[in-house]
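As a basis for the values below, the full set of heavy atoms in this structure was taken, side chains included, without hydrogen atoms, waters or symmetry mates. Letters A, B, ... are given to chains in the order of the sequence lines, protein chains preceding strands, and every chain is numbered from 1. Quantities reported herein were computed from a predicted structural model and do not represent experimental measurements.
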There are 2 protein chains.
Amino acid sequence: MANATPSSKSKAARMKEDTVVDLSAIRTTCQNCGLYKLCLPMGLAEGDMDKLDKVIKRRRKIEKGEHLYRMRDTFSTVYAIRSGSVKTYTSIENGSEQVTGFHLPGELLGLNAVSTKFHTDSAMALETTSVCEVPFDRLEDLTREIPSMQHHILHVMSEEIQSDHCQLMMIAKMPAEARLARFLLSLSNHFDNRGYSSSEFNLSMSRNDIANLLGLAVETVSRLFSHFQDQGLLTVERKHIVIHDMDGLMDVTTKCPSQPLPNDSSSNQAS
Amino acid sequence: MANATPSSKSKAARMKEDTVVDLSAIRTTCQNCGLYKLCLPMGLAEGDMDKLDKVIKRRRKIEKGEHLYRMRDTFSTVYAIRSGSVKTYTSIENGSEQVTGFHLPGELLGLNAVSTKFHTDSAMALETTSVCEVPFDRLEDLTREIPSMQHHILHVMSEEIQSDHCQLMMIAKMPAEARLARFLLSLSNHFDNRGYSSSEFNLSMSRNDIANLLGLAVETVSRLFSHFQDQGLLTVERKHIVIHDMDGLMDVTTKCPSQPLPNDSSSNQAS
DNA sequence: CGAAGCGTTGAGTGCTTTCAATAGTTGTGG
DNA sequence: CCACAACTATTGAAAGCACTCAACGCTTCG
């Protein structure tokens, strides 16, 4: 995903990733990382940032298809995505997999393994991806010195819970077209937040992965892309997406069959 | 759910809830609570337990249908279920709800709101339920004094994430009958852990809630119960469940259509 | 250039839902 | 205490959405 079309008139954030880093090549710090707002340090004081900087191993490069970690690996480090994109997925006894999310630059991965000693999901790069590695035991130490750091860890985890709940709702209640529309809008929104075009971008994940995430068959996803295109909502060519009618897509996401309507008090009673 | 059939030959755990508490009525402490292993204090030293005890407000009683908290309420306290059962659910813009889980004695509720200031889900009692209230700011203070407490909070949250992922997998990949079978076995297992019968219990939630959790229509759930009964797997009468063939139910949970079989290397490659 | 994998499209099937009607349960008020 | 209302649960029949099966074009890579 991260290979989004860099929209000609894009914002400053775009160049920080590579330009700034390469110029002041000596040492990259969190302060001059364009993603710092999305990543670990939220509201950290200067001194705290320095402490954090000393702990982080920067810029490990992961090739497409490689794993950051696999399920059941011992949990020792947390990963912050600098560029590229990653999918996380869990597999169950019978061998089938469930994609649990796609992750873009600025996101933190691996925290859900806290306290379990072992990773409970796997993380695979969808394209060449660079990450910062944060040894968790060191981070845990910092936690005691920097209260806001602990808060941030909790924040990341509770956000994942919310995101999962949203995903559950989507798969349980929404028809296929609404799921895909919502997925695309979600992506669009993420790119927007990172200073890329919200209406034109490349998908870094396969149709298979999308289908898996959304609880659909690959063929269904493929057909839906075609339908959306026929309706003039977007143009899709392989991985390249151009959204023409954002509002139209929004409408699709609300096409849920059984809407109890504002007529509340329906399922709100105990059994 | 907690009104499980108290299986005539049940274990000691059963009587602690009411008997012990009422006799040594002066003050209930975490130490003499039969659920302490499931609840907050994991591996706490004696002194730590005392600190915790001083923070907890015990035994608030919630009637069936009442809420412990609602979505968007300001988050201030965490709830530990002592007896009864609770459902948590989120609602989305359009008004439809998604049940995210049922919760039994010993479970901790509300933690997913940490860091957001507001609850992101609602919690409603499915029957008369008694809870311990833990003011979160006090708990947060304890966190600094008792390292294992912080660990436990993280543990509870990461368990919820895992549970959500499991739920996702289930709704996305499993046919209806497998979902209900899995749900029943999960309940059975929980009761077993709490010293109740694993093969005979009462459901405290409605068919509607079950259907909602599993992403099915109410009618489908009803039909499945009947089918299971016809197959001799269990007996169901209203809320009362007796499981006759635990292994048979297990088999049902593995009836997934597209099992990629041990023949791996399928979807494990990047796109 | 051929093999392998990804993506698209078509046809047919089936699982689950929706619609509809009935029975059982709970709660309230006369 | 019974009757009526409201809700929950069950069952049947029909319809539909998404899946499976299958074939083919396109892209990638050795």
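With hydrogens and angles disregarded, a donor-acceptor distance shorter than 3.5 Å links the side chain of B/R194 to the backbone of B/P105. At least one donor-acceptor pair closer than 3.5 Å links the side chain of B/Q167 to the backbone N or O of B/L213.
Residues B/T235 and B/H244 bring a donor and an acceptor atom of their side chains to less than 3.5 Å of each other. No side-chain donor from either of A/H165 and B/T120 sits under 3.5 Å from a side-chain acceptor of the other. A donor and an acceptor atom, one from each side chain of B/E63 and B/T128, are located under 3.5 Å apart.
With sequence neighbours excluded, the residues satisfying side-chain contact (heavy atoms from CB on, under 4.5 Å) with B/S122 are B/H67, B/R70, B/M71, B/Y89. Residues satisfying the side-chain contact (heavy atoms from CB on, under 4.5 Å) criterion with A/N193, sequence neighbours excluded, are A/N189. Every residue meeting the ring-ring contact (aromatic ring centres under 6.0 Å, His included) condition with A/H119, not counting sequence neighbours, appears here in chain and number order: A/Y69, A/F75. Taking B/M250 as the reference, B/L185 meet the side-chain contact (heavy atoms from CB on, under 4.5 Å) condition, with sequence neighbours excluded.
Rounded to a whole Å, the NE2 atom of B/H227 is 9 Å from the P atom of D/dT11. Taking atom CD1 of residue A/I171 and atom P of nucleotide D/dC19, one finds them 11 Å apart after rounding to whole Å. In this structure, NZ of B/K173 is placed 16 Å from C1' of D/dT20, rounded to the nearest angstrom. If you measure from atom CG of B/L126 to atom C1' of D/dT8, you get 15 Å, rounded to the nearest angstrom. One atom, CG of A/L180, and another, C1' of C/dG7, lie 14 Å apart when rounded to the nearest Å. One can place CZ of B/F228 at 13 Å from P of D/dT10, the figure rounded to the nearest angstrom. Distance NZ (A/K64) to C1' (D/dC29): 12 Å, rounded to an integer number of Å.
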Task: Heavy-atom protein contacts under 4.0 Å, nucleotides 8-16 of chain C, coded B base, S sugar-phosphate only, - none - done: BBBB----S

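Taking the C1' atoms of five terminal pairs at each end of the helix from C/dC1-D/dG30 to C/dG30-D/dC1, the two resulting helix axes are inclined by 40°, rounded to 10°.
Dashed line: the shortest gap from a side-chain N or O of B/K239 to OP1 or OP2 of D/dA9 is under 4.0 Å.
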